[in-house]
Amino acid sequence: MKTALITGVTGQDGSYLAEFLLEKGYKVYGMRRRTSNPNFDNVQHIKDQIHWISGDLTDVASLIEAVRISNPDEVYNLAAQSFVAASWPQPLVTGQITALSVTNMLEAVRIMKPDAKFYQASSSEMFGKVMETPQKETTPFYPRSPYGVAKVYGHWITVNYRESFNMFACSGILFNHESPRRGVEFVTRKITDAVARIKLGLQDELRLGNLDSLRDWGYAGDYVKAMWLMLQQDEPEDYVISTGEMHSVRELLEISFSYVGLDYKDYVVIDQEFVRPAEVDLLLGDCTKAKERLGWTLEVGFEKLVHMMVDEDLKRLRRHAEGTLVIN
């Protein structure tokens, strides 16, 4: 039985990854910060199968202890301040949690379990003001947010530990990946949640920023499989994980609203509050390397993903209406 340690296990990616590894027979340790009101929503169905460890990415001692207790074969570092919009009002916190904490985690692994395989969650936001399209592993980075800058640091420190200490450390440069477990502050889930609320008469309008931003959106459940595949290779390398397709926010609106028989133009209001200080106009990934070397495949397409998210939000809100679910 292999053992894995996952940071950020209660988040979207962490929950799908924990599910996937448990199905493969792994012993899964999940590290989480101590909070007064713990949120286990994404992992409620597998909560009792995960071995929980308290730890904080900014506290190296707690990370060393987490690695000591779990003694992992594989470490998946998924925890971060992951909301781009929040990185401008909170740039220092973003730097500490999304950038410097990667060094903390690498140090803990280097000290306690240097033969463990390490996965770092890199991001397409590192490409920012893109230097070429599509973006691949060799495309230069040009981040356009404190979040993107922090992710560049995390990416390159992982490369440096790999090359300096001969650690099996690699990064997945994941393009936007969504699911019904995505936080409602992210544009995809903000839209599908609003569609469900408007359809059920619980909301009148939806306020958004730039509708013409183009993104490469995939399904998180597919992307966590790529993370695992990276750590099954003989040599550590970095990989772009994407769909190779671009869709606009406007197209996302059209698909989600029309799915419930509505026209988005009747409900969407452009609000400058949601326009980024420095916009990333388009992101499109070239995942050829991952498909050829990892044998990774996509199973859920864009339209199916959007419909899945709308369906789950409708189901959740209807349960709430019946008094079986409390919604914040």
Side-chain angles (χ1 to χ4, degrees), residues 6-9 11-14 16-17 57 74-84 87 94-106 109 117-164 167-178 182 186 215-218 220 222-233 235-244 280 282-291 293-294 296:
I6 304 173
T7 72
V9 70
Q12 171 187 254
D13 293 7
Y16 280 111
L17 178 63
L57 291 174
E74 299 170 3
V75 176
Y76 296 87
N77 188 40
L78 309 185
Q81 190 300 97
S82 59
F83 188 41
V84 176
S87 71
T94 299
Q96 290 168 348
I97 297 174
T98 305
L100 293 176
S101 67
V102 183
T103 306
N104 294 342
M105 200 70 220
L106 283 163
V109 173
K117 293 186 174 182
F118 181 90
Y119 172 84
Q120 166 60 18
S122 288
S123 168
S124 59
E125 287 287 333
M126 300 188 303
F127 295 121
K129 187 175 180 180
V130 298
M131 298 290 97
E132 64 177 346
T133 300
Q135 295 89 55
K136 49 186 181 289
E137 291 79 8
T138 56
T139 301
F141 299 136
Y142 196 143
R144 297 269 280 172
S145 67
Y147 170 81
V149 172
K151 280 294 184 181
V152 170
Y153 175 93
H155 182 87
W156 280 116
I157 199 66
T158 302
V159 171
N160 274 263
Y161 269 69
R162 177 170 72 216
E163 296 178 351
S164 300
M167 292 172 63
F168 192 110
C170 62
S171 294
I173 307 173
L174 272 57
F175 279 64
N176 297 68
H177 47 290
E178 317 300 321
R182 184 58 122 168
F186 291 85
R215 293 293 184 271
D216 185 327
W217 276 302
D222 286 338
Y223 283 36
V224 299
K225 297 173 186 176
M227 300 177 187
W228 176 76
L229 284 168
M230 289 179 212
L231 298 196
Q232 310 316 305
Q233 306 307 302
E235 298 294 332
E237 293 188 51
D238 304 324
Y239 295 86
V240 162
I241 305 300
S242 65
T243 69
V280 174
L282 68 88
L283 292 171
L284 175 65
D286 179 352
C287 56
T288 302
K289 180 181 176 182
K291 288 183 175 180
R293 298 196 190 179
L294 302 178
W296 177 68

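One is the number of the first residue; the rest follow in order along the sequence. These numbers were taken from a predicted model, which means no experiment stands behind them.
- For D238, the salt bridge (Lys or Arg N to Asp or Glu O under 4.0 Å) partners are R162, not counting sequence neighbours.
- Here the shortest heavy-atom pairing between T158 and G154 reads OG1-O, 2.8 Å.
- Note that the CD atom of E137 and the CG atom of D286 stand 7.0 Å from one another [nearest 0.5 Å].
- Between Y223 and the choices F175, W296, Y16, the ring-ring contact (aromatic ring centres under 6.0 Å, His included) rule is met once, by W296.
- Across all their heavy atoms, M167 and P236 have their closest contact at O-CG, 4.1 Å.
- For the pair K117 (side chain) and L231 (backbone), a donor-acceptor distance under 3.5 Å is present.
- Contact check for H177 versus Q12: side-chain heavy atoms found under the 4.5 Å cut-off.
- Taking each heavy atom of R293 and E237 in turn, the nearest pair found is NH1-OE1, 2.7 Å.
- When all heavy atoms are compared, the tightest approach of E125 to S145 is OE1-OG, 4.4 Å.
- Put simply, the side chain of D216 gets close to the backbone of G285: a donor and an acceptor are under 3.5 Å apart.
- Between atom CE of residue M230 and atom OG of residue S171 there is a gap of 8.5 Å, rounded to the nearest 0.5 Å.
- At a cut-off of 3.5 Å, with distance as the only test, no side-chain donor of T98 or Q81 sits close to an acceptor on the other residue.
- Side chains of Q135 and I173 form no contact here, defined as non-hydrogen atoms less than 4.5 Å apart.
- Between F127 and F141, the ring center distance clears the sub-6.0 Å criterion.
- Residues Y76 and V9 fail the side-chain proximity criterion, which asks for heavy atoms closer than 4.5 Å.
- One finds the CG atom of D13 at 6.5 Å from the CG atom of L174 (value rounded to the nearest 0.5 Å).
- The distance from atom CG of N77 to atom CG of L57, rounded to the nearest 0.5 Å, is 6.0 Å.
- Atom CG of residue L282 and atom CZ of residue R215 lie 8.0 Å apart, to the nearest 0.5 angstrom.
- T243 contributes no side-chain N or O that, together with a main-chain N or O of G218, makes up a donor-acceptor pair within less than 3.5 Å.
- Using a 4.5 Å heavy-atom cutoff, the side chains of Q233 and Y239 are in contact.
- Residues Q96 and T94 fail the side-chain proximity criterion, which asks for heavy atoms closer than 4.5 Å.
- Residue-environment remark: CD (E235) stays at or below the threshold of 12 foreign heavy atoms within 6.0 Å.
- Around CZ of F83, the count of heavy atoms belonging to other residues, nucleotides or ligands within 6.0 Å exceeds 12.
- Closest of all the heavy-atom pairs between S124 and N176 is OG-OD1, 3.8 Å.
- Listed by chain and residue number, nothing satisfies the ring-ring contact (aromatic ring centres under 6.0 Å, His included) test with Y119 (two or more places apart in sequence, or in another chain).
- The two atoms that bring A290 and V240 nearest to each other are CB-O, 3.7 Å, heavy atoms only.
- Rounding to the nearest 0.5 Å gives a distance of 8.5 Å between CG of L229 and CD1 of I241.
- Contact of the V130 side chain with the L283 side chain is registered, since non-hydrogen atoms from C-beta on lie closer than 4.5 Å.
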